[in-house]
**Student:** 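Pasting in a structure now, in structure tokens, and then I'll have a few things to ask.
Here is the naming used below: chain letters follow the sequence lines, and residue numbers restart at 1 for every chain.
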Amino acid sequence: MISCSEAVDRLWAYLDATVGHDERQEMEEHLALCLRCCGELEFAVALRRFLADSEREDVPPDVLARLRGTLEELGP
Amino acid sequence: MPVTETSRQREDFRALVRDQLPRLYALARVLVGSEAEDAVQDCMVKALEHYEQLHDPGAGAAWLKTILVNCCHDRLRARARQPEPVDFDDREAEGFSLYRKIAYEDPFPYSDSVHLDFLYGFSRDDVRAVLLALPDIYRIPLVLVHMEGYLAKETATLLQVPLGTVLSRLQRGRKAFEKGMWDYAQTHGLLKEGVR
């Protein structure tokens, strides 16, 4: 069976489905027996969701006004 | 006066870009930080030059995003050519597990969900600061895949590097991001109960 550190190293690739068939099977065997790595997995899911939700940003009004101004001036 | 084809196209172009400006700016902020506004300006100019290549108006948002990523990438490459002090050592992040670190340090002893409370202590500005402190080679794939939803394969094409390189940068970037989150929380007082 793979070690916890190997499992943790592969966690995000496992969630991204970029691991091969054998590696996926090794991960699943490990996760079936290791409570701590299940915790790592749950946290990885939460952290990825958190990261995905962090991108939205309100554009400062002055920046938006300048960008819109440039857009209107573009072209002949 | 009849509306000409060219003026209609220009209006369509402006409507598309106007609609996408907030998204483009937000993405540029995490890719190039303070150069975001310039990167979006570059993107608008390039997009207008190549607007005739956009055949499917429904794909306009994704098309603009790709152009923006390329503009940001160009800016980062230009920046990389200028000598800059490097204080990032990714060996420190090797083997780091944020999950274990939080469990071990237990920063919120009265919490039933210490890991989630740790995450909720971060504002979007905090997350962006952590990302911007990462080396470009880690930050860009991380943002494109985990914030923008690109596949690793698409990211490799966009950045013109082999898929294996993207996968390895994602792996190391993830560790560096986790380590960066912990270090940032420590130095910015986010490890105190009830900080938010």
Side-chain angles (χ1 to χ4, degrees), chain A residues 2-24 26-27 30-31 34-76, chain B residues 6-7 9-10 13-14 17-18 21-27 29-30 36-37 40-41 44-45 47-48 51 94-100 102-103 115-116 118-120 122-128 130-131 142-143 145-149 151-153 163 166-167 170-171 173-175 177-178 181:
Chain A
I2 57 172
S3 67
C4 287
S5 87
E6 284 172 299
V8 170
D9 275 350
R10 291 181 197 172
L11 220 47
W12 282 38
Y14 171 74
L15 289 170
D16 287 334
T18 54
V19 290
H21 176 266
D22 291 351
E23 284 178 307
R24 167 164 289 273
E26 285 171 344
M27 275 299 287
H30 184 94
L31 289 168
C34 180
L35 201 59
R36 192 176 71 174
C37 285
C38 288
E40 291 263 13
L41 181 72
E42 275 178 34
F43 182 61
V45 171
L47 182 56
R48 288 155 58 101
R49 194 178 308 127
F50 182 73
L51 185 57
D53 290 344
S54 297
E55 193 237 341
R56 288 183 297 275
E57 178 179 358
D58 298 327
V59 188
D62 56 326
V63 174
L64 192 58
R66 281 197 297 274
L67 289 172
R68 283 186 174 152
T70 304
L71 180 62
E72 295 311 314
E73 286 164 14
L74 279 179
Chain B
T6 315
S7 67
Q9 276 181 342
R10 196 170 307 127
F13 170 78
R14 284 183 178 140
V17 176
R18 212 178 291 125
L21 276 178
R23 296 266 305 127
L24 294 172
Y25 181 77
L27 174 57
R29 282 285 286 161
V30 284
E37 187 176 341
V40 176
Q41 305 242 19
M44 290 194 289
V45 172
L48 180 64
Y51 188 52
E94 262 177 44
F96 183 85
S97 156
L98 183 56
Y99 174 81
R100 271 178 285 158
I102 296 169
H115 290 89
L116 293 181
F118 175 86
L119 293 184
Y120 297 151
F122 281 77
S123 68
R124 287 192 302 226
D125 283 347
D126 295 326
V127 175
R128 196 172 49 244
V130 172
L131 285 167
L142 210 55
V143 167
V145 172
H146 293 296
M147 294 172 95
E148 290 298 320
L151 297 174
K153 206 162 73 174
L163 175 61
V166 168
L167 292 176
L170 281 171
Q171 160 77 356
R174 185 263 286 196
K175 291 274 183 197
F177 176 65
E178 289 193 11
M181 293 270 285

**Student:** Give, as side chain, backbone, both or neither, the part of I102(B) having an atom under 4.5 angstrom from any heavy atom of chain A.
**Tutor:** side chain

**Student:** Which bit of L27(B) is near chain A, if near means a heavy-atom gap under 4.5 Å: side chain, backbone, both or neither?
**Tutor:** both

**Student:** Rounded to the nearest 0.5 Å, how far apart are OG of S54(A) and CE of M147(B)?
**Tutor:** 5.5 Å

**Student:** Identify, with sequence neighbours excluded, every residue that meets side-chain hydrogen bond (donor to acceptor under 3.5 Å, both in side chains) alongside E23(A).
**Tutor:** none

**Student:** Tabulate, in ascending numerical order, the residues of residues 39-47 of chain A having at least one heavy atom closer than 4.5 Å to a heavy atom of chain B, or enter 'none'.
**Tutor:** G39(A), E40(A), F43(A), A46(A), L47(A)

**Student:** Taking R68(A) for the side chain and R18(B) for the main chain, is one N or O donor matched with an acceptor at less than 3.5 Å?
**Tutor:** no

**Student:** One pair to check against side-chain contact (heavy atoms from CB on, under 4.5 Å): L64(A) and Y25(B). What are the steps and the verdict?
**Tutor:** CA-CA 9 Å; L64(A) 192 58; Y25(B) 181 77; over 6 Å; no

**Student:** Non-hydrogen atoms of chain A under 4.5 Å away: do they reach the side chain of K153(B), the backbone, both or neither?
**Tutor:** neither

**Student:** Nearest 0.5 Å, please: how far is CE in M44(B) from CG in L74(A)?
**Tutor:** 6.0 Å

**Student:** Can you tell me which portion of E37(B) sits under 4.5 Å from chain A's heavy atoms? Options are side chain, backbone, both or neither.
**Tutor:** both

**Student:** Specify the closest pair of heavy atoms between D53(A) and R124(B), including all atoms of both residues, with the distance to one decimal.
**Tutor:** O-CD, 4.2 Å

**Student:** Under 4.5 Å from any heavy atom of chain B, what part of R36(A) do you find: side chain, backbone, both or neither?
**Tutor:** both

**Student:** Using 0.5 Å steps for rounding, measure from the CG atom of L167(B) to the CG atom of D16(A).
**Tutor:** 8.5 Å

**Student:** So if I apply the side-chain contact (heavy atoms from CB on, under 4.5 Å) rule between V17(B) and each of T70(A), L71(A), L67(A), which one comes out positive?
**Tutor:** L71(A)

**Student:** Let me know if L116(B) has heavy atoms under 4.5 Å from chain A in its side chain, its backbone, both or neither.
**Tutor:** side chain

**Student:** Check each atom of L119(B) against the heavy atoms of chain A and say whether the ones under 4.5 Å are side chain, backbone, both or neither.
**Tutor:** both

**Student:** Which heavy-atom pair separates D9(A) from R174(B) by the least distance, and what is that distance?
**Tutor:** O-NH2, 3.3 Å

